[in-house]
Amino acid sequence: MNADDRGIDIASRTFLRDVVYGLSQSEKELQCKYFYDERGSILFDQICELDEYYLTRAEQQIMLDHVDEMAEQLGSGVMLVEFGSGSSTKSRILLDALIDPVAYVPLDISEDHLLKTASLLASAYPQLEILPLVTDFTQPFVLPNASRKPSHAAVYFPGSTIGNFVPEAAAGLMQRITRILGPQGGLLIGVDLQKEQATIEAAYNDTKGVTDEFNLNVLHRVNRELGADFDVDQFRHKAIYNPDAGRVEIFVVSNIDQVVAVGGHHFEFQADEHVLTEYSHKYTIEGFVALASSAGFALHKYWTDDRQMFAVLHLVNETA
């Protein structure tokens with residue numbers, strides 16, 4: 001067995017452990033990080049192009065309008081580390097504006113998708129060292145060494161992915177980010193803002209059904225990688241906004257009474273039983289700044305789109 005085989009085995013065991021644990025809870029859940037196999041990553045890219053999915057367009061417009069200010073805030077000679085890089089679409093806007101960047105480190109859990117994107121970036125930016133890192137950024141990891149010493153590291157965390165974490169977990173993740181930032185380092189982060197319920201719910205229930213396919217793809221992945229026997233046609237997508245908690249709650253819902261086998265374990269599902277797959281928290285600027293402050297960050301500057309749908313915040317590490 002070579003090292004690569006061992007890595008695959010470890011990843012599969014972790015996946016199985018997380019799935020069995022989640023489905024064993026009184027309120028079943030599957031972790032949203034497992035959306036992002038290669039197929040899931042492609043589907044998410046399609047979601048970002050949907051008419052209803054305002055988040056990407058609003059964030060891209062903010063980046064285009066204010067990227068020079070953002071680059072100045074981040075400073076020169078930076079190693080830019082992106083959490084959950086995906087296709088690095090918005091990253092290119094930032095990379096084009098950065099002042100003498102030393103390296104770009106895209107982090108993603110989907111290896112195939114990440115490496116393909118990194119190859120494209122290496123061709124587009126031949127003077128910039130591209131150092132892709134396949135990792136779950138919620139777990140400890142070590143940054144790669146750049147050929148040229150950076151003045152500092154900065155983290156770019158776009159797409160409102162921070163909203164997938166409950167506030168306590170979001171604060172914990174941001175605390176871990178402070179540990180990889182130097183005294184000049186900062187966090188440039190995208191946050192979806194609170195707004196009317198109909199607009200939010202439409203973004204997660206598109207008329208083309210791409211979000212349905214994306215959500216249910218996690219069951220296909222469990223079948224394929226863990227040998228489970230989910231009848232995916234007997235589950236459906238559901239996404240609702242919970243205004244009291246300020247978040248979208250996303251589920252796969254069993255259509256019938258059924259039993260599913262996963263890795264030697266059997267799980268009973270009742271008709272209309274909900275399995276949580278994702279939260280997407282929506283914030284006010286003031287609420288997110290308070291959360292960031294609890295993790296050791298101070299607000300330096302923020303930008304919003306014209307309709308106040310989305311915000312990009314530059315936070316500085318007060319613990320350095």
Side-chain angles (χ1 to χ4, degrees), residues 27 29-36 39-65 84 86-87 89-90 93 157-167 170 189-220 232-255 272-288 291 302-313:
E27 295 183 359
E29 62 179 313
L30 293 167
Q31 294 183 34
C32 63
K33 66 183 179 182
Y34 292 118
F35 284 145
Y36 298 99
R39 177 62 178 157
S41 296
I42 291 170
L43 287 168
F44 185 72
D45 286 345
Q46 293 176 11
I47 287 171
C48 292
E49 300 296 325
L50 294 169
D51 291 341
E52 299 96 332
Y53 199 76
Y54 61 85
L55 293 86
T56 302
R57 289 188 301 278
E59 188 174 23
Q60 284 182 334
Q61 191 58 56
I62 294 168
M63 298 295 296
L64 290 168
D65 289 346
S87 294
T89 303
K90 291 182 287 289
I93 301 171
F157 197 6
S160 195
T161 303
I162 194 68
N164 295 149
F165 300 85
V166 296
I189 188 167
V191 177
D192 195 20
L193 300 178
Q194 293 183 4
K195 58 189 70 66
E196 64 276 8
Q197 182 168 344
T199 299
I200 294 173
E201 288 192 341
Y204 296 87
N205 294 282
D206 65 278
T207 55
K208 294 183 177 179
V210 182
T211 311
D212 297 47
E213 190 176 353
F214 173 70
N215 193 17
L216 292 168
N217 181 65
V218 72
L219 303 184
H220 287 295
V232 181
D233 290 340
Q234 293 300 337
F235 288 84
R236 66 185 185 276
H237 162 78
K238 181 177 180 180
I240 57 171
Y241 183 62
N242 179 341
D244 294 330
R247 68 190 183 199
V248 177
E249 298 172 349
I250 303 173
F251 307 90
V252 292
V253 183
S254 180
N255 293 329
D272 204 41
E273 184 172 357
H274 289 47
V275 180
L276 177 69
T277 55
E278 186 176 44
Y279 288 137
S280 184
H281 290 80
K282 313 302 175 186
Y283 287 96
T284 63
I285 296 291
E286 296 77 14
F288 191 79
L291 179 69
Y302 75 89
W303 305 265
T304 64
D305 60 288
D306 292 341
R307 298 174 60 196
Q308 307 287 306
M309 304 277 277
F310 199 93
V312 177
L313 298 87

Exercise. Only one of Ile250, Leu43, Thr277, Asp206 forms a side-chain contact (heavy atoms from CB on, under 4.5 Å) with Phe214, so which one is it?
Worked result: Leu43

Distance-minimising heavy-atom pair for [X] and [Y]:
X      : Y      : result
Tyr302 : Leu313 : CB-CG, 3.9 Å
Arg236 : Asn255 : NH1-OD1, 2.8 Å
Tyr241 : Lys282 : CE1-CG, 4.0 Å
Phe310 : Gly159 : CZ-C, 4.2 Å
Asn215 : Lys238 : ND2-N, 4.4 Å
Asp192 : Ser160 : N-OG, 3.0 Å

When rounded to the nearest 0.5 angstrom, what distance separates [atom1] in [X] from [atom2] in [Y]?
X      : Y      : atom1 : atom2 : answer
Asp306 : Asp65  : CG    : CG    : 7.0 Å
Glu59  : Thr304 : CD    : OG1   : 12.5 Å
Asp212 : Asn217 : CG    : CG    : 12.5 Å
His274 : Phe235 : NE2   : CZ    : 12.0 Å
Lys90  : Cys48  : NZ    : SG    : 6.0 Å
Leu64  : Asp305 : CG    : CG    : 12.5 Å

Exercise. Could you walk me through whether Lys33 and Asn164 pass the side chain to side chain contact (heavy atoms under 4.5 Å, CB included) check?
Worked result: CA-CA 9 Å; Lys33 66 183 179 182; Asn164 295 149; over 6 Å; no

For this session: Using only heavy-atom distances, determine whether the side chains of Lys195 and Tyr54 contain a donor-acceptor pair under 3.5 Å.
Result: yes

For this session: Could you verify whether a donor N or O on one side chain and an acceptor N or O on the other, from Ser280 and Tyr204, lie under 3.5 Å apart?
Result: yes

Exercise. Given Leu219 and Leu30, is the side chain to side chain contact (heavy atoms under 4.5 Å, CB included) satisfied, shown in steps?
Worked result: CA-CA 9 Å; Leu219 303 184; Leu30 293 167; 3.8 Å; yes

For this session: Test Met309 against Thr199 for side chain to side chain contact (heavy atoms under 4.5 Å, CB included), laying out the working first.
Result: CA-CA 10 Å; Met309 304 277 277; Thr199 299; 3.8 Å; yes

Exercise. In terms of side-chain geometry, is the basic nitrogen of Lys208 or Glu49 positioned less than 4.0 Å from the acidic oxygen of its partner?
Worked result: no

I'd like to know if the side chain of [X] reaches the main chain of [Y], judged simply by a donor and an acceptor atom lying under 3.5 Å from each other, with no hydrogens or angles considered.
X      : Y      : value
Arg247 : Gly163 : no
Glu52  : Thr207 : yes
His281 : Ile162 : no

Exercise. Just wondering, do Phe251 and Leu276 contact through their side chains at under 4.5 Å, heavy atoms?
Worked result: yes

For this session: Evaluate the ring planes of Tyr36 and Phe44, with Trp represented by its six-membered ring, and classify them as parallel (under 30°), tilted (30 to 60°) or perpendicular (over 60°).
Result: perpendicular

Problem set entry | Partners passing side chain to side chain contact (heavy atoms under 4.5 Å, CB included) against Asn205 (at least two apart in sequence or in another chain) | Glu201, His237, Ala239

Exercise. Between His220 and Arg39, does a side chain to side chain contact (heavy atoms under 4.5 Å, CB included) hold up when you go through it step by step?
Worked result: CA-CA 10 Å; His220 287 295; Arg39 177 62 178 157; over 6 Å; no

Exercise. What residues form a ring-ring contact (aromatic ring centres under 6.0 Å, His included) with Tyr283, not counting sequence neighbours?
Worked result: Phe288

